[in-house]
Amino acid sequence: AIDTLTLSFVNPLVAAFTVGNPCAGTPTVFTDASTTTGAPIIGWNWSFGTGASGSGPQTSTAFPTQGQYTATLTVFAQNGCSATTTEVIDILSAPVAGFSIAGDPFTDNDIVFTDNSFGASSSQYDFGDGNGSLAQEPTHQYADAGQFIIVQTVTNAAGCTDRDSLLIAIEENDILP
């Protein structure tokens, strides 16, 4: 008599990942979300459709322009099993920050900000002296003389951000009225 035995194997690995900050020109973070019911995962190979690759349970890459890119993750378990998943990632366009200032750079004088950003839905300014503004084109007075780094952060509707900065030197306003 001949006995026949059929074996079936179910791979205990399921490859998966999450994507954070899918914005062009900035690091997009890829985090492993794979599961296993068997041996632990000991290896991660990533590819991003741009020629770039990565390893480890979390990695990042910057996509040069908006568009769709194919990201692939292959995970390897200690028992020799592997699993692969591929997803199409929508990379969004990022805004471009930019601003200019006008006004005499003296204490207690108005410094007027002009927003030159592109593609932004909101702006935030850090005036470098402990004060800031959420206005798109604010006016600010510096109480103290010194050098201050002004930072504009812009955000678009997709949550992508960009920053621009400028150094301003404020002198004491010693002109008598």
Side-chain angles (χ1 to χ4, degrees), residues 8-101 113-128 130 132-138 147-168:
S8 65
F9 174 77
V10 176
N11 190 343
L13 285 176
V14 177
F17 60 87
T18 61
V19 180
N21 193 40
C23 301
T26 61
T28 298
V29 178
F30 291 81
T31 304
D32 176 43
S34 303
T35 58
T36 181
T37 57
I41 297 172
I42 60 168
W44 299 262
N45 285 344
W46 302 84
S47 65
F48 303 111
T50 60
S53 61
S55 61
Q58 186 176 71
T59 190
S60 65
T61 190
F63 294 93
T65 59
Q66 79 175 49
Q68 292 188 325
Y69 295 85
T70 302
T72 301
L73 168 64
T74 301
V75 291
F76 302 92
Q78 194 171 39
N79 63 5
C81 291
S82 65
T84 300
T85 187
T86 299
E87 292 184 29
V88 174
I89 307 300
D90 287 319
I91 299 299
L92 308 169
S93 63
V96 177
F99 68 99
S100 59
I101 58 173
F113 292 76
T114 301
D115 180 26
N116 300 318
S117 66
F118 176 77
S121 57
S122 68
S123 298
Q124 177 181 347
Y125 290 88
D126 177 342
F127 299 125
S133 175
L134 296 176
Q136 186 175 359
E137 294 188 328
Q147 291 188 338
F148 303 94
I149 297 174
I150 303 165
V151 178
Q152 177 199 49
T153 303
V154 295
T155 306
N156 66 13
C160 299
T161 62
D162 190 33
R163 288 190 172 103
D164 191 16
S165 62
L166 181 124
L167 176 66
I168 187 171

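Sequential numbering from 1 along the given sequence is applied to the chain's residues.
Under the side chain to side chain donor-acceptor pair (under 3.5 Å) criterion, Asp126 pairs with no residue at all, not counting sequence neighbours.
No donor-acceptor contact under 3.5 angstrom links the side chains of Gln152 and Asp164, judged on distance only.
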Inset, instruction - Determine, step by step, whether Leu73 and Asn45 satisfy the side chain to side chain contact (heavy atoms under 4.5 Å, CB included) criterion, reporting the C-alpha distance in whole Å, the side-chain angles of both residues, the deciding distance to 0.1 Å, and the verdict. - result: CA-CA 6 Å; Leu73 168 64; Asn45 285 344; over 6 Å; no
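Identified under the disulfide (SG to SG under 2.5 Å) test for residues 21-53, with sequence neighbours left out: Cys23-Cys160.
Side-chain N or O atoms of Asn156 include one that pairs as donor or acceptor with a backbone N or O of Ser93 at under 3.5 Å.
Ile101 is listed as a side-chain neighbour of Ile168, based on a closest heavy-atom distance under 4.5 Å.
Ring geometry for Phe63 against Tyr69 counts as tilted: the plane angle lies between 30° and 60°, on a 0 to 90° scale.
Closest approach of Asp162 to Pro95, counting heavy atoms only: CB-O, 3.2 Å. Taking both residues in full, the closest heavy atoms of Cys81 and Pro12 are given as SG-CD, 4.1 Å, listed atom of the first, atom of the second, then distance.
Taking the six-membered ring for Trp and the full ring otherwise, Phe113 and Tyr125 have centroids separated by under 6.0 Å.
In this structure, the separation between CG on Leu13 and OG1 on Thr84 is 9.5 Å, given to the nearest 0.5 Å.
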Show the atom names and distances, to 0.1 Å, of all donor-acceptor pairs under 3.5 Å that link a side chain in residues 29-42 to residues at least two apart or in another chain.
unit_1: Thr31; atom_1: OG1; unit_2: Gln58; atom_2: NE2; d: 2.9
unit_1: Asp32; atom_1: OD1; unit_2: Ser34; atom_2: N; d: 3.0
unit_1: Asp32; atom_1: OD1; unit_2: Ser34; atom_2: OG; d: 2.5
unit_1: Asp32; atom_1: OD2; unit_2: Trp44; atom_2: NE1; d: 2.9
unit_1: Ser34; atom_1: OG; unit_2: Ala16; atom_2: N; d: 3.1
unit_1: Ser34; atom_1: OG; unit_2: Ala16; atom_2: O; d: 3.3
unit_1: Thr36; atom_1: OG1; unit_2: Gly38; atom_2: N; d: 3.1
unit_1: Thr36; atom_1: OG1; unit_2: Ala39; atom_2: O; d: 3.1

